[in-house]
Amino acid sequence: MKTIKRALSVIVAGALSASLCAMPALATTSGNIDEGMSLRTYTVDIYGGNNGTINGENHIAVDVEAGKKLSFNDLVVTMNEAAADKYYVKGLREASVNNAYSGQFVVKPSNVDQTSDTTYALSGSMEVTEDTDLVVAYGIKSQRVNYTVRYVDKNGVDIIPADTYTGDIGDRPAPVAKYIDGYLPRVMNTVMPALKGGEETVITFDYVRLDPSYRVIYENEIIRVITPEGEEIVVNPVTEEEAEAAGGVVPIVDATGETIIDEDGNPLAAPIVEENLEDNENPLASANGEAGINTQAQNAASVLSWLLPLLAAVVVAGLIMFFALLIRSKRKNDGKSTR
C-alpha cells in the first residue's frame, strides 16, 4: 500500500511541476495585455544613421509610458553636407521595416518638411507598446519621383487642392485621406503600387458629403458625426472584408438605430480602413493594431502547442509507472499468500 501511495505522489508531483514550469511562459505572453499596462515605461531609441543627426545627436532615447503616444513634432534631422548632395530624408521607420515601404513608416514622407538644404522637420506621433528602435530613412535624390494625391467629391471635382509628394523608384507609399469638414472619405488609407520612373502616379481619395443638417468633427485621429439633435456618433472604419460581407456598405447609425444619410439621402457608409491597390501583395498591418493582437494570440497558441503534449506525456508516464508498481505489489502479495 505504501508503494502505491509513493507512486501516486510521484504522478501528482510530476504533473504539478510541469504545470508550474509552463505558467511563466503563459504569463509572459498575456500578462502585458491585462495587467500593469499603465505602470510600464518603454524606451524609444531614435538614430540619425550615417547621413545625419537627430536634434544634433547621433542617437536620442525617450521614455514613454505604455500605451501613450510619442510626438515627433520637435524632431529635426540635420544631414551631413557631403550626404545632402546625394540623399534626402524620407521619414522615420522602425529598424525592422524595409526602407522602400514608406507606408509602414512611423513618420511618412507627407510628415517631412524640408526647411533648408540640410535640415528636415518631422511631425506626427505613434503609440508606444514596447521598446522600439527607430532610424531615419534616407532616399537617393537621383531616384526621386513625384506622386500626386487628390481629394474629390462624387463628381470627381477637387474639394481641396491636391498634394504632391516625393518617393523613390520602387517605393510603395501609403497616403492617408485628409480630414475635410462636412465630408467622409470612402477609404482612410491607400497602399499604392510601386513607384516607377518616367510615369505620373496619381492617387484619388473619393469623399461623400453629409446631409447639411449633420456635422463632422475630426479630433485626435477620431471621426465624430454630430446629428441635428446634438448626438455625437464615433465613426469606426471597417475592413474591406467587413464591407463586402455587408453587401459593400456598412451604414453609420445613431443611438436609436437610425441610419445617417449623405446629401443624396443614401445611407452614409463607414470608411474602409485600408485599400491595397495590388492584389498580389500581402496587405500591410491595419491602423487599429490588429497585427499586434494577432501576434500575441499566436504566441499563446505556440506555448499551448508544446505545453499540452508535455502534460499528456507526464500523465501517461505516471500511469505506466503506477500500474507497473501495482502489478509488482500484487505479485508480491500473491507470493506471500501461497507460502
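Computed over heavy atoms, backbone and side chain alike; hydrogens, waters and symmetry mates excluded. The model shown is predicted, which means the values in this text are computed figures rather than measured ones.
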ask   = What's the spacing between Leu268 CG and Leu184 CG if we round to 0.5 Å?
value = 5.0 Å
task = Say whether Thr53 and Asn58, considering side chains only, have a donor N or O and an acceptor N or O under 3.5 Å apart.
result = no
query = Hey, are Asp163 and Lys178 close enough for a salt bridge, meaning a charged N less than 4.0 Å from a carboxylate O?
reply = yes
inquiry  = Tell me whether Lys68 at atom NZ has more than 12 heavy atoms from other residues, nucleotides or ligands lying less than 6.0 Å away.
reply    = no
remark   = From the list Glu275, Glu274, Glu240, salt bridge (charged side-chain N to carboxylate O under 4.0 Å, His left out) partner of Arg186 resolves to Glu275
inquiry  = Salt bridge check, Lys90 against Asp168: does any charged N sit closer than 4.0 Å to a carboxylate O?
reply    = yes
key: Value rounded to 0.5 Å, distance of CD1 in Ile217 from CD1 in Ile222   = 11.5 Å
ask   = Any ion pair linking Lys154 and Asp262 (charged N to carboxylate O, less than 4.0 Å)?
value = no
ask   = Is the number of heavy atoms from other residues, nucleotides or ligands under 6.0 Å of Asn73 CG greater than 12?
value = yes
query = Using the ring of each side chain (for Trp, its six-membered ring), is His59 parallel, tilted or perpendicular to Tyr47, with breaks at 30° and 60°?
reply = parallel
request  = Apply ring pair (Phe, Tyr, Trp, His ring centres under 6.0 Å) to Tyr138 and list each qualifying residue two or more places apart in sequence or on a separate chain.
outcome  = none
inquiry  = Less than 4.0 angstrom from a charged side-chain N to a carboxylate O is my criterion; do Glu232 and Arg224 meet it?
reply    = yes
ask   = Quick one: does Val273's side chain get under 4.5 Å of Asn189's, heavy atoms only?
value = no
No-hydrogen, no-angle side-chain donor-acceptor test under 3.5 Å, Asn111 and Ser123 = yes
query = Got more than 12 heavy atoms from elsewhere within 6.0 Å of CG, Asn50?
reply = no
